[in-house]
Q: 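Quick one: the structure is below, questions incoming.
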Amino acid sequence: MEKAMQQAHGMSYAEYGSKLDNRLKVEQERERDYKESQRMVAEHQRQAHS
């Protein structure tokens, strides 16, 4: 999990847990990624059913 956090967000899990600003930044990024993936899935499904 430590390696994944470092690769994905450029910080260790300890850094993530130590500051609220770091947690907020990571969670906002995760939310953006989730919304983008949902948009891409919807677009793919729309094209597949056309």
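All values reported here derive from a predicted model rather than from experimental measurement.
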Q: Drop me the distance from Y16's OH to L24's CG, to the nearest 0.5 angstrom.
A: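 Those atoms lie 9.0 Å apart.
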Q: side-chain contact (heavy atoms from CB on, under 4.5 Å) with E2: which residues, sequence neighbours excluded?
A: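 Result, side-chain contact (heavy atoms from CB on, under 4.5 Å) vs E2: S12, Y13.
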Q: Test R32 against every option in K35, Q28, R30 by the side-chain contact (heavy atoms from CB on, under 4.5 Å) rule and name the one that passes.
A: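 When side-chain contact (heavy atoms from CB on, under 4.5 Å) is applied between R32 and each of K35, Q28, R30, only Q28 qualifies.
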Q: With sequence neighbours excluded, what pairs up with D33 under the side-chain contact (heavy atoms from CB on, under 4.5 Å) test?
A: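 Per chain and number, D33 pairs via side-chain contact (heavy atoms from CB on, under 4.5 Å) with E29.
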Q: Which pair of heavy atoms, one from E15 and one from N22, lies closest together, and at what distance?
A: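 Nearest heavy atoms, E15 then N22: O-ND2, 2.9 Å.
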Q: How many angstroms lie between CG in L20 and CD in E27, if you round to the nearest 0.5 Å?
A: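 Answer rounded to 0.5 Å: 10.5 Å.
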Q: Please report the interatomic distance NE2(H44) to CE(M40), rounded to the nearest 0.5 Å.
A: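 The NE2 atom of H44 sits 10.5 Å away from the CE atom of M40.
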Q: With heavy-atom distances below 4.5 Å as the criterion, would you say the side chains of M1 and M5 are in contact?
A: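 Contact flag for M1/M5 side chains = no.
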Q: With sequence neighbours left out, what residues match E43 under side-chain contact (heavy atoms from CB on, under 4.5 Å)?
A: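 Partners of E43 by the side-chain contact (heavy atoms from CB on, under 4.5 Å) criterion, ordered by chain and then number, come out as R46, Q47.
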